[in-house]
There are 2 protein chains.
Amino acid sequence: MGKANTAIAASGGYQAAEAARRHRIAVGVEIQNLSFVREGYQRGLPAVGSTLNFTENQEIYGEGDEAVLFFKVSIGVVRTCTYLSDGRRQIDAFYLPGNVFGLEVGAEHSLSAETVCNSTIISYRRRDLEMLAANNEGASRQLFSYAMQSLARAQQHAVVLGRRCAVEKVAAFLTDWAAYSPQSEILTLEMPRQDIADYLGLTIETVSRTFAHLEGKALIELPTARQIRLKDPEGLRHLNS
Amino acid sequence: MGKANTAIAASGGYQAAEAARRHRIAVGVEIQNLSFVREGYQRGLPAVGSTLNFTENQEIYGEGDEAVLFFKVSIGVVRTCTYLSDGRRQIDAFYLPGNVFGLEVGAEHSLSAETVCNSTIISYRRRDLEMLAANNEGASRQLFSYAMQSLARAQQHAVVLGRRCAVEKVAAFLTDWAAYSPQSEILTLEMPRQDIADYLGLTIETVSRTFAHLEGKALIELPTARQIRLKDPEGLRHLNS
DNA sequence: CGGGCTGTTGATCAGCCTCAATTCGAGTGG
DNA sequence: CCACTCGAATTGAGGCTGATCAACAGCCCG
């Protein structure tokens with residue numbers, strides 16, 4: 001994909017072009033931590049482990065960019081997504097601190113990655129990881145485990161996209177997001193409505209109306225647009241069959 | 001999931017209970033061949049490599065079944081899917097001869113697997129593969145590669161489910177399916193409309209109407225319900241942005 | 001020739017989208 | 001400190017796509 005391919009993975013200038021072709025967000029989230037990333041880093045293996053700072057809506061890499069590096073979120077939130085030629089966007093996942101993204105098998109990144117908010121990202125050299133895995137049984141097992149867990153998450157996402165109605169989609173999103181929130185007290189949504197919509201295959205208006213509807217049913221409360229109090233988490237979970 | 005858990009993975013009785021809770025089909029397809037499965041098998045490593053015969057709509061394993069074995073399609077077509085409690089179904093993928101399915105990281109199968117038509121399946125012991133991978137760098141790399149390619153496919157599927165309209169969904173399905181068909185001359189759909197619908201997040205009626213619509217536009221031709229002649233493959237591909 | 005299943009076609013309905021206007025909130029400058 | 005501005009979010013009205021309900025046609029098999 002065009003536009004901001006001068007980003008990280010390609011050049012050394014870690015200033016991504018303004019991303020934001022269109023916006024929408026939601027919660028998929030990578031659950032995994034790759035402990036060998038920490039290990040390798042501490043041992044100084046991937047000398048690259050450099051830290052990058054981004055403001056919101058910056059492209060980290062684009063679809064089709066050479067996949068030389070992969071990344072770990074240190075602070076902030078990152079989304080990976082696909083754009084159709086007419087601008088429609090599907091968000092694949094959100095990545096929280098500790099989550100790894102951008103790992104590929106082929107030569108290129110298959111999705112784009114962008115920051116949702118101000119974020120600090122650590123980059124690693126893919127080749128270093130491959131070398132580590134080649135000599136380390138534990139590392140290659142973790143690598144496989146990481147991929148399979150991502151796969152499981154993608155499959156669950158497909159069910160939500162294909163077979164659930166708007167209320168169920170939003171409920172699933174909130175339930176997922178809550179699982180990664182520090183306090184189950186009040187959820188802080190780091191992303192705008194557009195991201196939630198693009199994650200769930202809806203429009204911002206439908207997301208907004210659904211929030212209102214859930215509030216009407218006393219399942220949630222919206223102190224502000226970005227803060228959600230789950231008054232009845234069990235009731236929400238119940239909406240997922 | 002309940003019902004037919006006496007299937008393969010659990011007992012030795014390779015008679016799956018009638019599956020068919022509801023039906024629908026479509027084309028996702030695993031692209032990968034795991035060559036170490038062949039290798040291992042030829043070397044006699046997984047002594048299990050036993051061959052199983054199924055008629056159509058039989059459950060191979062159910063969601064939640066213990067994942068002791070994994071499988072490879074020898075003849076026929078297999079689908080993996082998720083059922084919601086109210087009967088809604090999302091088909092995750094179709095597996096063709098040579099494709100491997102049912103490989104897990106956790107203790108249980110995360111999806112159900114069922115035959116689409118009469119099929120011959122080869123079973124392998126997961127532990128054997130894990131041992132092979134532990135001592136064989138090439139095998140563990142292939143394992144990772146397999147998982148990542150499945151992941152890429154799942155991500156593409158999510159875009160179709162979340163951001164494409166009915167015509168585009170059906171066109172995407174036909175294009176995918178055509179890629180795995182021997183002749184690009186005439187496609188033979190091995191699955192009923194219900195499976196296509198559940199793969200694409202549509203209803204059978206919409207699938208049927210969309211086929212009719214594409215035929216009206218002279219993009220395809222339907223000699224029979226299960227045979228499709230792609231009159232304009234390029235036109236179909238063009239529908240995918 | 002008569003079931004039973006699969007697929008097609010028609011009519012109607014509803015959920016979600018689209019377009020549009022308004023409100024809300026945060027940041028800026030007077 | 002308050003008016004102003006701009007983007008995000010909400011809310012409303014109406015339309016369209018795809019779902020639902022229903023009837024019918026085609027086929028396979030007995």
Side-chain angles (χ1 to χ4, degrees), chain A residues 18-26 55-57 86-89 116-118 160-171 188-198 200-216 220-228 239, chain B residues 18-26 55-57 86-89 116-118 160-171 173 188-216 220-228 239:
Chain A
E18 42 65 66
R21 320 178 200 225
R22 199 154 298 197
H23 323 91
R24 316 187 183 178
I25 308 189
T55 62
E56 61 179 22
N57 291 322
D86 61 1
R88 281 177 289 178
R89 184 178 70 162
V116 169
C117 50
N118 291 347
V160 173
L161 290 173
R163 285 295 172 210
R164 311 205 91 117
C165 65
V167 204
E168 295 172 332
K169 285 179 175 181
V170 172
T188 302
L189 301 181
E190 303 294 343
M191 70 288 292
R193 296 287 185 270
Q194 188 69 65
D195 281 17
I196 302 178
D198 283 348
L200 297 175
L202 298 171
T203 61
I204 44 173
E205 293 94 334
T206 299
V207 171
S208 186
R209 274 185 255 268
T210 305
F211 277 149
H213 175 245
L214 289 175
E215 195 170 22
I220 64 173
E221 223 167 31
L222 286 148
T224 76
R226 298 292 186 97
Q227 292 197 317
I228 300 195
L239 282 176
Chain B
E18 40 64 68
R21 319 178 199 226
R22 201 153 297 197
H23 322 94
R24 318 185 182 179
I25 307 188
T55 62
E56 61 179 20
N57 290 323
D86 61 1
R88 281 177 289 178
R89 184 178 71 163
V116 169
C117 51
N118 291 347
V160 173
L161 290 172
R163 285 295 172 210
R164 311 206 90 118
C165 65
V167 204
E168 294 172 334
K169 285 179 174 180
V170 171
F173 171 80
T188 302
L189 301 180
E190 303 295 343
M191 70 288 291
R193 297 289 186 266
Q194 187 69 65
D195 281 19
I196 302 178
D198 283 348
Y199 179 71
L200 297 175
L202 298 172
T203 61
I204 46 174
E205 293 94 333
T206 299
V207 170
S208 186
R209 273 186 256 269
T210 305
F211 277 150
H213 175 244
L214 290 175
E215 194 170 22
I220 64 173
E221 224 168 30
L222 288 147
T224 77
R226 298 291 185 98
Q227 291 196 319
I228 300 195
L239 282 175

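Lettering follows sequence order; numbering is per chain, from 1. Every heavy atom of this structure was used, including side-chain atoms; hydrogens, water molecules and symmetry mates were not.
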S.K.: For the residue pair A:Cys117 and A:Glu190, what are the closest heavy atoms and their distance?
M.R.: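 Residues A:Cys117 and A:Glu190, closest heavy atoms: SG-OE1, 4.3 Å.
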S.K.: From the list D:dT20, C:dC19, D:dA9, which nucleotide is the closest neighbour of the side chain of B:Thr203?
M.R.: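 Per side-chain heavy atoms of B:Thr203, the pick is D:dT20.
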S.K.: Is there side-chain contact between B:Met191 and B:Tyr199, with at least one heavy-atom pair below 4.5 Å?
M.R.: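 Side chain of B:Met191 against side chain of B:Tyr199, heavy atoms only: no contact under 4.5 Å found.
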S.K.: Could you tell me how far apart B:Glu205 (CD) and D:dA23 (P) are, to the nearest whole angstrom?
M.R.: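 So the two atoms are 14 Å apart, to the nearest Å.
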S.K.: Using whole Å, report how far CG of A:Leu161 lies from C1' of C:dC16.
M.R.: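 Computing the A:Leu161:CG to C:dC16:C1' distance gives 15 Å.
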S.K.: Given D:dA22, D:dG18, D:dA9, which nucleotide is nearest the side-chain atoms of B:Cys165?
M.R.: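 Within the option list, the nearest is D:dG18.
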S.K.: Between A:Thr206 and C:dC17, does any side-chain N or O lie under 4.0 Å from OP1 or OP2?
M.R.: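 Yes, such a contact exists.
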S.K.: Between the base of C:dT18 and the side chain of A:Arg209, is one N or O donor paired with an acceptor at under 3.5 angstrom?
M.R.: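 Answer is yes: a donor-acceptor pair is held.
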S.K.: Any N or O donor-acceptor pair under 3.5 Å from the base of D:dT17 to the side chain of B:Arg164?
M.R.: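 When only heavy-atom distances are counted, B:Arg164 does not reach the base of D:dT17 through any donor-acceptor pair under 3.5 Å.
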S.K.: Would you say the side chain of B:Val207 lies within less than 4.5 Å of the side chain of B:Phe173, judging by non-hydrogen atoms?
M.R.: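 Contact flag for B:Phe173/B:Val207 side chains = no.
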S.K.: With a 4.0 Å limit, can you tell me whether A:Ser208 has a side-chain N or O closer than that to the phosphate oxygens OP1/OP2 of D:dA9?
M.R.: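 For D:dA9, neither OP1 nor OP2 has a side-chain N or O of A:Ser208 closer than 4.0 Å.
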S.K.: Round to a whole Å and report the spacing from CD of B:Glu56 to P of C:dT6.
M.R.: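 Going from CD in B:Glu56 over to P in C:dT6 covers 8 Å.
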S.K.: Taking the side chain as everything from C-beta on, heavy atoms only, tell me whether A:Ser208 gets closer than 4.5 Å to A:Glu205.
M.R.: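 In short, these two side chains do not touch, never coming nearer than 4.5 Å.
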S.K.: To the nearest Å, how far apart are B:Arg226 CZ and D:dC27 C1'?
M.R.: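 Roughly 12 Å, once rounded to whole Å.
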S.K.: A:Gln227 has an atom CD; how far is it from atom P of C:dG25, in whole Å?
M.R.: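 Between P of C:dG25 and CD of A:Gln227: 12 Å.
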S.K.: To the nearest Å, give me how far apart CD (B:Glu215) and P (C:dT9) are.
M.R.: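 The distance from CD of B:Glu215 to P of C:dT9 comes to 8 Å, rounded to the nearest Å.
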S.K.: Could you tell me the separation between the CD1 atom of A:Ile204 and the C1' atom of D:dT11, rounded to a whole number of Å?
M.R.: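 Distance check: A:Ile204 CD1 to D:dT11 C1' gives 12 Å.
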S.K.: From the set C:dA20, C:dG7, D:dG18, return the single nucleotide nearest to any side-chain atom of B:Ala225.
M.R.: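 Within the option list, the nearest is C:dG7.
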S.K.: Can you tell me the distance, in whole Å, between the CG atom of A:Leu222 and the C1' atom of C:dT23?
M.R.: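 It works out to 15 Å between those atoms.
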S.K.: Between A:Gly201 and A:Pro223, which is nearer to the 5' end of DNA chain C once each is assigned its nearest nucleotide?
M.R.: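 Looking at the nearest nucleotide for each, A:Gly201 comes out on the 5' side.
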S.K.: Answer whether the closest heavy-atom distance between the side chains of A:Thr206 and A:Leu200 falls below 4.5 Å.
M.R.: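 Heavy-atom side-chain distance check fails, nothing below 4.5 Å.
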